[in-house]
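Remarks on the structure that follows.
Position 1 is the first residue of the sequence, and the numbers go up from there.
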Amino acid sequence: MESGDEDHGSCRCGQVTLKVKGRPLMTMACHCKGCQRMTASAFSLSALFPQDCVEISGLEPVIGGMHGELHHYFCPHCLSWIFTRAEMLGPLVNVRATMLDSTANLPPFIETCVSEKLAWASVPARHSYETFPAMEDFPKLLGEFAEVAP
């Protein structure tokens with residue numbers, strides 16, 4: 001996806017739709033038990049976007065999952081997990097990459113929480129972290145992703 005492009009997506013029932021503008025800042029797979037349980041899968045896939053590049057329409061998403069520093073937003077009808085916001089990320093939105101039409105073009109650049117990874121699960125990430133990257137690693141990771149992302 002080029003910087004001026006848009007991508008569209010929706011929850012499973014289509015009552016919450018989203019539009020993202022430009023390329024993500026980074027793509028990720030998270031192997032933590034929480035993501036495994038919320039996705040009913042081996043990991044969650046996400047694409048990080050600046051808040052002003054994400055447009056949500058349709059039904060108003062509701063907060064679900066854990067109710068703490070991370071705010072996981074779901075469709076109030078089908079309960080699909082659509083995106084996450086966190087105070088530590090500032091004005092960034094972590095969109096579930098599987099909600100976007102271009103999921104096939106968004107392979108994970110990093111994988112997190114590999115300490116909780118299911119032994120048979122594998123992703124083509126360039127970088128792996130036992131838990132999460134240190135905040136001071138993000139500028140380097142974002143810069144590298146910008147250089148290599150399709």
Side-chain angles (χ1 to χ4, degrees), residues 1-3 5-12 16-56 61-75 78-150:
M1 191 161 49
E2 298 298 317
S3 61
D5 290 348
E6 291 182 354
D7 194 9
H8 299 264
S10 71
C11 62
R12 182 162 184 174
V16 176
T17 59
L18 58 145
K19 177 171 63 173
V20 295
K21 298 175 200 154
R23 293 175 36 197
L25 300 174
M26 188 160 37
T27 55
M28 299 158 274
C30 182
H31 297 279
C32 79
K33 283 285 188 202
C35 284
Q36 290 175 26
R37 290 181 175 153
M38 287 202 314
T39 62
S41 186
F43 48 82
S44 69
L45 294 174
S46 59
L48 188 64
F49 287 92
Q51 182 174 298
D52 60 352
C53 293
V54 178
E55 183 180 309
I56 307 294
V62 297
I63 295 177
M66 299 300 292
H67 293 256
E69 200 272 324
L70 294 174
H71 295 117
H72 304 294
Y73 290 85
F74 294 76
C75 169
C78 68
L79 302 178
S80 297
W81 182 19
I82 305 166
F83 62 94
T84 300
R85 290 192 175 152
E87 289 180 28
M88 67 183 177
L89 295 177
L92 301 175
V93 178
N94 209 16
V95 174
R96 302 278 67 78
T98 49
M99 298 296 135
L100 297 171
D101 295 341
S102 67
T103 303
N105 299 323
L106 298 169
F109 179 69
I110 68 170
E111 62 180 337
T112 61
C113 298
V114 296
S115 62
E116 299 177 47
K117 181 178 177 175
L118 298 173
W120 50 263
S122 64
V123 298
R126 285 182 170 233
H127 301 281
S128 296
Y129 294 89
E130 286 295 306
T131 56
F132 292 100
M135 289 307 283
E136 57 267 14
D137 290 350
F138 273 93
K140 180 180 176 230
L141 289 168
L142 294 172
E144 184 181 341
F145 182 81
E147 291 176 12
V148 301

Return a table of donor-acceptor pairs under 3.5 angstrom between the side chains of residues 119-135 and protein atoms on other chains or two or more places apart.
| from | atom 1 | to | atom 2 | distance (Å) |
| --- | --- | --- | --- | --- |
| His127 | NE2 | Glu144 | OE1 | 3.0 |
| His127 | NE2 | Glu144 | OE2 | 3.1 |
| Ser128 | OG | Glu111 | OE2 | 2.5 |

Taken to the nearest 0.5 Å, the spacing of Arg23 CZ from Leu106 CG works out to 10.5 Å
dist Ser80:OG -> Met38:CE (nearest 0.5 Å) comes out at 12.0 Å
Residues 82-91 vs salt bridge (charged side-chain N to carboxylate O under 4.0 Å, His left out), sequence neighbours excluded, gives none
message = Counting C-beta onward and ignoring hydrogens, is there a side-chain heavy-atom pair between Ile110 and Phe145 closer than 4.5 Å?
response = no
Between the CD atom in Glu6 and the SG atom in Cys53, the distance rounded to the nearest 0.5 Å is 10.0 Å
Student check: side-chain heavy atoms of Cys11 and Tyr73 closer than 4.5 Å
no
Under 3.5 Å, is there a donor-acceptor pair between the side chain of Glu55 and the main chain of Lys19?
no
One should read off an interatomic distance between Glu147 CD and Leu142 CG, to the nearest 0.5 angstrom, of 11.5 Å
- Would you check if Arg96 and Ile82 make a side-chain contact, meaning some heavy-atom pair closer than 4.5 Å? no
Between the CD atom in Gln36 and the SG atom in Cys30, the distance rounded to the nearest 0.5 Å is 8.5 Å
Under 3.5 Å, which donor-acceptor pairs link side chains of residues 43-52 to any protein atom two or more places apart or in another chain?
| from | atom 1 | to | atom 2 | distance (Å) |
| --- | --- | --- | --- | --- |
| Ser46 | OG | Asn94 | OD1 | 3.2 |
| Ser46 | OG | Asn94 | ND2 | 3.4 |

request  = Measure the shortest side-chain to side-chain distance between Met99 and Phe83 over non-hydrogen atoms and say whether it is less than 4.5 angstrom.
outcome  = no
Only one of Thr84, Ile63, Val62 passes side chain to side chain contact (heavy atoms under 4.5 Å, CB included) with His72, and that residue is Thr84
- [ ] May I ask you to decide if Pro107's main-chain N or O and Thr27's side chain share a donor-acceptor pair within less than 3.5 Å?
- [x] yes
One should read off an interatomic distance between Asp7 CG and Thr103 OG1, to the nearest 0.5 angstrom, of 7.5 Å
